[in-house]
Peer 1: 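A single structure is presented below for examination.
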Amino acid sequence: MARLKGKVAAVTGGTLGIGKAAVERMLEEGAAVGILDVLDKEGEALATALSNKGYPVAYWHCDVSDETQVKSAIDGVAERFGKLDVLVNNAGIAGPNKPTHELTEDEWDLVQAVNVKGVFFCTKHAIPHMKKAGSGSLINLSSIYGLVSAPDIPPYHASKGAVRLMTKTDALLYAPDRIRANSIHPGFIWTPLVEHHLQSTADPEAARQATATLHPLGHMGEPDDIAWGVVYLASDESKFVTGSELVIDGGYTAR
Ligand code: NAP
């Protein structure tokens, strides 16, 4: 299993959920991986556990909405492992579950700062390393809610729509540098983000069951369902794939 042999990747929000699964599957496929997150205790523990198994991995504190921290962490990964080939822009937050007319400016801005500006900062500081390496793969976690919407969490849906088009712009801008950019659009995946979101509803267990049935396959996905998509887009198997939308949603958007 060496689909990513010789590649170096950075994964934002790599401590939990989809990011953690992406880190683990990429390591198993031969990549060296930098985990970037704000959950320092959990991130350090994950990096130590994986490192003890012999994998080339390390943790960096990095709030993706802070450009200084982003530059320092991305440069740190490239310095530690010799280059940077792959950036997984995974860190994201759901934000408050309120209708548009009840949202404050601060609540709106926080979601955009992490989900949109974070992708901008990380991409901005990864590109020089990828240009130096002669190629690269940018993998941006959008959502089914970058393709369709739902009557809840307005700042989140706006942010994921933005990520979808930022990806296409960067695909066009950096194609001459052999840097590819693709978005992934997961359906509901059982992670702490979804768990907390469903807990914000009146009846979380009913909401969980109702959410599962929104997917024609009849259930929510698991983090590995998305991580394998990340491995594909990080690998040379996808060398002719750029500006594309990889939908992994149990059929949610096929209706
Ligand atoms: P998660 O379980 O909440 O994990 C996200 C990780 O990112 C957490 O460790 C989180 O830390 C971290 N993070 C939050 N803000 C950060 C920041 N400013 N800088 C760096 N790290 C930060 O989320 P997930 O469900 O795995 O989702 C991962 C990505 O997939 C997100 O972009 C999400 O929008 C997208 N997605 C998820 C689903 C789904 O159903 N799960 C569906 C579609 C798209 P904290 O715990 O402290 O916040």
Peer 1: Kindly compute the distance separating CZ (R180) from CE (M130), expressed to the nearest 0.5 Å.
Peer 2: 10.0 Å
Peer 1: Mind checking the NZ-OG spacing from K7 to S235? Nearest 0.5 Å is all I need.
Peer 2: 7.5 Å
Peer 1: Could you see if L16 belongs to whatever hydrophobic cluster contains W228? Use Ile, Leu, Val, Met, Phe, Trp, Tyr and a side-chain cutoff under 4.5 Å.
Peer 2: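 No, no single cluster joins them.
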Peer 1: Pairing donors with acceptors under 3.5 angstrom, does anything connect the side chains of D106 and T104?
Peer 2: no
Peer 1: Starting from the C-alpha separation in whole Å, work towards a yes-or-no answer on salt bridge (Lys or Arg N to Asp or Glu O under 4.0 Å) for E67 and K117.
Peer 2: CA-CA 9 Å; E67 186 168 9; K117 202 161 68 171; over 6 Å; no
Peer 1: Is a donor on one side and an acceptor on the other found under 3.5 Å between the side chain of N115 and the backbone of I93?
Peer 2: yes
Peer 1: Hydrogens and angles aside, do D40 and Y59 bring a side-chain donor and acceptor to less than 3.5 Å of each other?
Peer 2: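 Yes, because at least one side-chain N or O of D40 sits under 3.5 Å from a partner of the opposite role on Y59.
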Peer 1: Enter the distance from T253:OG1 to E245:CD here, rounded to the nearest 0.5 Å.
Peer 2: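 Spacing of OG1 (T253) from CD (E245) equals 9.5 Å.
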Peer 1: Before giving the answer on side chain to side chain donor-acceptor pair (under 3.5 Å), spell out for S159 and H157 the whole-Å C-alpha distance, their side-chain angles and the decisive distance to 0.1 Å.
Peer 2: CA-CA 5 Å; S159 75; H157 301 323; over 6 Å; no
Peer 1: Dump the intermediate steps for side chain to side chain donor-acceptor pair (under 3.5 Å) on D75 and H129, then the final yes or no.
Peer 2: CA-CA 8 Å; D75 288 352; H129 294 292; 2.7 Å; yes
Peer 1: Indicate yes or no for a side-chain donor-acceptor contact from N182 to the backbone of S244 under 3.5 Å, with no hydrogens or angles considered.
Peer 2: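 Yes: the side chain of N182 pairs with the backbone of S244.
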Peer 1: Could you give the distance from CZ (R208) to CD (E195), rounded to the nearest 0.5 Å?
Peer 2: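 Going from CZ on R208 over to CD on E195, the span is 7.5 Å.
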Peer 1: Linking I/L/V/M/F/W/Y whenever their side-chain heavy atoms sit closer than 4.5 Å, directly or via other members, would M166 and Y156 fall into one cluster?
Peer 2: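 Different clusters.
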Peer 1: Taking the six-membered ring for Trp, are F188 and H197 parallel (under 30°), tilted (30 to 60°) or perpendicular (over 60°)?
Peer 2: parallel
Peer 1: Does V8 share a hydrophobic cluster with L4, counting links as ILVMFWY side-chain heavy atoms below 4.5 Å and allowing steps through other members?
Peer 2: no
Peer 1: Looking only at heavy atoms, which two atoms of P223 and I189 are closest? And how far apart?
Peer 2: N-CG2, 3.4 Å
Peer 1: Apply side chain to side chain contact (heavy atoms under 4.5 Å, CB included) to K239 and R178, showing your working.
Peer 2: CA-CA 9 Å; K239 64 184 167 43; R178 295 182 64 239; over 6 Å; no
Peer 1: So how far is it from L46 CG to K41 NZ, rounded to the nearest 0.5 Å?
Peer 2: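 Answer rounded to 0.5 Å: 13.5 Å.
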Peer 1: Under 3.5 Å, is there a donor-acceptor pair linking the side chains of N89 and T12?
Peer 2: no
Peer 1: Is the backbone N or O of V114 less than 3.5 Å from a side-chain atom of S65, with the two atoms forming a donor-acceptor pair by type?
Peer 2: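 No, the answer is negative, given that no donor and acceptor are paired below the 3.5 Å cut-off.
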